[in-house]
Number of protein chains: 2
Amino acid sequence: MPTSLLEENDGTDASAKDVLSPDCPSRIVFGRIGERWTMFVILALEPGPMRFTALKARVGVITPKVLTETLRALEGDGLVSRRAFVESPPRVEYALTPLGRSLLEPIAAMRAWAEAHVPEVLESRDRALS
Amino acid sequence: MPTSLLEENDGTDASAKDVLSPDCPSRIVFGRIGERWTMFVILALEPGPMRFTALKARVGVITPKVLTETLRALEGDGLVSRRAFVESPPRVEYALTPLGRSLLEPIAAMRAWAEAHVPEVLESRDRALS
DNA sequence: CAGTATCCTGTGAGATACTG
DNA sequence: CAGTATCTCACAGGATACTG
């Protein structure tokens with residue numbers, strides 16, 4: 001079992017350094033989440049399958065290059081599926097996989113927290129300026 | 001009320017572009033979360049107040065500079081408190097504020113998801129390599 | 001102990017232009 | 001339409017050394 005996120009190091013065990021271990025689940029997830037556009041793309045796909053351009057419009061200010069990169073990464077993780085229709089003009093649909101969809105739950109928890117507490121954060125930031 | 005994370009744009013309303021609005025709660029939260037060390041520091045503080053060095057040891061491989069920066073940012077957001085004792089040698093204790101502590105809940109949801117689903121992600125990544 | 005002070009580098013990501 | 005292909009660059013973050 002891939003151990004814990006943080007050091008439980010008592011000072012004697014050097015092998016406890018697994019924070020950066022590629023197998024640490026939290027590290028993997030927070031790593032992906034850390035990428036700037038991941039969340040936005042996943043959230044954008046929530047309503048259902050969507051074409052590249054529609055997705056781009058929904059996410060907002062994102063270049064096609066970066067959107068493609070993000071999509072490829074999420075595909076590699078099995079969170080998003082890509083379906084290309086052989087037509088002209090070309091048509092491609094992206095969708096959340098069941099796995100990707102399951103991630104919506106914890107994300108929703110974060111959003112809920114955001115809605116509820118961001119005013120306090122903002123207030124604190126204002127105070128910090130003075 | 002600060003609107004939604006994504007475009008609900010039907011093509012006619014340009015003012016719906018609030019994805020990058022500084023007031024969008026989700027953006028603010030995901031922005032902070034996006035910073036590489038935020039999560040680790042908050043998680044590290046979960047057990048209770050902690051001194052700089054202990055914190056550094058718990059987080060693992062992090063330079064004092066970056067830890068300080070992260071801590072200052074979290075302080076500014078009101079998620080972490082800093083308490084300096086006038087002593088020699090100096091002693092400083094960092095702790096989660098109630099606000100910071102409240103963030104542990106959604107984070108726990110993400111961790112739970114991670115524990116449960118990262119094997120699938122890893123499997124998918126392996127498959128993507130071939 | 002709890003940080004600063006410097007210097008330096010990688011790379012995430014923006015802008016722009018082009019194509020099957 | 002759904003992407004590539006380049007070029008460019010700021011800056012988050014690392015290494016190292018120093019100090020009240």
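Per chain, numbering begins at 1; letters A, B, ... match sequence-line order. All of these numbers come straight from a predicted model, not from anything done at the bench.
Note: Phe52(B) and Tyr94(B) have tilted aromatic rings, judged against thresholds of 30 and 60 degrees for the angle between ring planes.
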Item to check | Arg111(B)/Phe30(A) under side chain to side chain contact (heavy atoms under 4.5 Å, CB included): CA gap, chis, key distance, verdict | outcome: CA-CA 9 Å; Arg111(B) 292 184 78 179; Phe30(A) 292 142; 4.0 Å; yes

Item to check | Step-by-step side chain to side chain contact (heavy atoms under 4.5 Å, CB included) determination, Met110(B) to Leu103(A) | outcome: CA-CA 8 Å; Met110(B) 288 281 356; Leu103(A) 186 53; 3.7 Å; yes

Checklist entry - How far apart are the C-alpha atoms of Val41(B) and Thr70(B), what are their side-chain angles, what is the distance that settles it, and do they pass the side chain to side chain contact (heavy atoms under 4.5 Å, CB included) test? => result CA-CA 8 Å; Val41(B) 170; Thr70(B) 306; 3.9 Å; yes

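Atoms CG (Leu71(B)) and P (dG13(D)) sit 14 Å apart, rounded to a whole Å. For the pair Arg51(A) CZ and dG3(D) C1', the interatomic distance rounds to 13 Å; values are reported in whole Å. Going from atom CZ of Arg72(B) over to atom P of dA2(C) covers 12 Å, rounded to whole Å. Rounded to whole Å, atom P of dA12(D) lies 17 Å from atom CG of Leu67(B). Rounded to an integer number of Å, the gap from NZ of Lys56(B) to P of dA15(D) is 10 Å.
Looking only at distances, a side-chain donor or acceptor of Thr97(B) sits under 3.5 Å from a matching main-chain atom of Gly78(B). In terms of modelled atom types and a separation under 3.5 Å, the side chain of Thr38(A) and the main chain of Arg32(A) share a donor-acceptor contact.
Residues of residues 78-89 of chain B having a heavy atom closer than 4.0 Å to DNA chain C, listed by number: Arg82(B), Pro89(B).
OP1 or OP2 of dG3(C) lies within a sub-4.0 Å distance of a side-chain N or O belonging to Tyr94(B). In this structure, Arg91(A) does not reach the dG3(D) phosphate: none of its side-chain N or O atoms is under 4.0 Å from OP1 or OP2. Within the structure, a side-chain polar atom (N or O) of Thr53(B) is placed less than 4.0 Å from OP1 or OP2 of dA2(C).
What you find for Val29(B) and Ala114(A) is that their closest heavy atoms are CG2-CB, 3.4 Å. The shortest heavy-atom contact between Ser124(A) and Gly76(B) is OG-O, 2.8 Å. When all heavy atoms of Asp77(B) and Leu99(B) are compared, the closest pair comes out as O-CD2, 3.9 Å.
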Checklist entry - How does each nucleotide of nucleotides 13-20 of chain C score, in 5' to 3' order, for protein heavy atoms under 4.0 Å: base (B), sugar-phosphate only (S), or none (-)? => result BBB----B

Checklist outcome for this item: Read 5' to 3' with Watson-Crick or G-U pairs under 3.5 Å, [ ] for crossing pairs and | for partners on another strand, DNA chain C gives ||||||||||||||||||||

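Among the candidates Arg51(B), Met50(B), Arg82(B), the single residue satisfying the side-chain contact (heavy atoms from CB on, under 4.5 Å) test with Val92(B) is Arg82(B).
Side-chain contact check for Arg83(A) versus Phe85(A): some heavy-atom pair is nearer than 4.5 Å.
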